[in-house]
There are 2 protein chains.
Amino acid sequence: MLEVLRAADDHPTAAEVYERVRRASPRIGSATVYRTLALLVSTGRALELNLGDGAAARYDANTRRHDHAVCDGCGRAVDIDHPVPDGMMAEIARRSGFAITGYDLQFRGLCPDCQANGSDPARTAGGTGQQ
Amino acid sequence: MLEVLRAADDHPTAAEVYERVRRASPRIGSATVYRTLALLVSTGRALELNLGDGAAARYDANTRRHDHAVCDGCGRAVDIDHPVPDGMMAEIARRSGFAITGYDLQFRGLCPDCQANGSDPARTAGGTGQQ
DNA sequence: GTGATACTGAGAGTCGTTCTCAACCAGCGG
DNA sequence: CCGCTGGTTGAGAACGACTCTCAGTATCAC
Ligand SMILES: [Mn+2]
Ligand SMILES: [Mn+2]
Ligand SMILES: [Zn+2]
Ligand SMILES: [Zn+2]
């Protein structure tokens, strides 16, 4: 299960993880996948990502803190490594009175592929519009 | 409906909007609330917020671009007005190859109330843990 | 009034996720 | 070996947040 996640370069949803794990262990049930993903997340071996569209959570074996750019065309999410400066966090904390422990940041736009393929391509082509 | 949203200083979910609208128009159905919220969002008169927990979408009559700090204790979301510098956006665009059109940013932490009330207070006290 | 048109609320359906529970499996003492 | 016990599992039910469908109703044009 962790292997599947580590082998994934995309950011699979639970359903996609299920599908992939099933290739190795066809008898597994989705409840187990959800349970195991929750365990991996709670023990810090994976991240659960909510990419701000209302869509299903994604899972990420890359537990370094990092952000994502999400394609509005095809749903692809790529890693962005560019931390917000600490000074900004401190400033926010000061102005809001919150004790800030972290942040979630995702950029939206079109990935190179979707820029190339005109207006609404990947969402209508191929699959579900989410990868 | 827009009035209800404009009067709200919190960031209500569709269910909360429904509940409030119902006080003035008890015969309204939730389908109409969802339909109307979608209309307000698509015509730019309200924002739909996905605050990165897996929870229900929030709605916001404040359509200026702004971010939020979300309390891990009680779920409260307060406005943060502190734009990410354009230079950073450009840098991300350059490095990722994405055509970046915007971003979603939310800070997480504890609001002043929840800091005051010890460890796990507001989530167990009072209501549902979401406001 | 009468008919076309748009809007509404109730309820069914969908999707992602969690819960429940009986079957199963490991380890362990006998 | 063998029955017991406690943890895991998978199937399916349940759940929450939406979205869809459809018949009923309000609105307007004549
Ligand atoms: Mn990632
Ligand atoms: Mn706001
Ligand atoms: Zn794309
Ligand atoms: Zn709080």
Please name all residues satisfying side-chain contact (heavy atoms from CB on, under 4.5 Å) with B:Arg65, sequence neighbours left out, ordered by chain then number.
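B:Arg65 satisfies side-chain contact (heavy atoms from CB on, under 4.5 Å) with B:Asp67, B:Tyr103 once adjacent residues are dropped.
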
Just to verify, which of A:Arg58, A:Arg76, A:His68 counts as forming a side-chain hydrogen bond (donor to acceptor under 3.5 Å, both in side chains) with A:His11?
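Result for side-chain hydrogen bond (donor to acceptor under 3.5 Å, both in side chains) with A:His11: A:His68.
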
Go through DNA chain C in 5' to 3' direction and return only the first and the last nucleotide with some atom under 4.0 Å of chain B's heavy atoms.
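Listed 5' to 3', the contact boundaries are C:dT8 to C:dA10.
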
Charged N-O contact under 4.0 Å between [X] and [Y]:
X: A:Arg94; Y: A:Glu91; value: yes
X: A:Arg22; Y: A:Glu19; value: no
X: B:Arg64; Y: B:Asp81; value: yes

Is there a path of hydrophobic side-chain contacts, each under 4.5 Å between heavy atoms of I, L, V, M, F, W or Y residues, that connects [X] with [Y]?
X: B:Leu2; Y: B:Tyr34; answer: no
X: B:Ile80; Y: A:Phe107; answer: yes
X: A:Leu105; Y: B:Phe98; answer: yes

Look at all strands and tell whether B:Ala15 reaches a base, only sugar-phosphate, or nothing, counting heavy atoms closer than 4.0 Å.
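No contact at all - B:Ala15 keeps every heavy atom at 4.0 Å or more from the nucleic acid.
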
Just the rounded figure in Å: distance from [atom2] of [N] to [atom1] of [X].
X: B:Tyr34; N: D:dT21; atom1: OH; atom2: C1'; value: 17 Å
X: B:Leu51; N: D:dA17; atom1: CG; atom2: C1'; value: 16 Å
X: B:Tyr18; N: D:dG16; atom1: OH; atom2: P; value: 16 Å

Can you pull every protein N or O that's under 3.5 Å from an N or O on nucleotides 5-10 of chain D?
| residue | atom | partner | partner atom | Å |
| --- | --- | --- | --- | --- |
| D:dG10 | OP1 | A:Arg27 | O | 3.0 |
| D:dG10 | OP1 | A:Ile28 | N | 3.4 |
| D:dG10 | OP2 | A:Gly29 | N | 3.2 |
| D:dG10 | OP2 | A:Thr32 | OG1 | 2.4 |
| D:dG10 | N7 | A:Arg35 | NH2 | 2.8 |
| D:dG10 | O6 | A:Arg35 | NH1 | 3.3 |

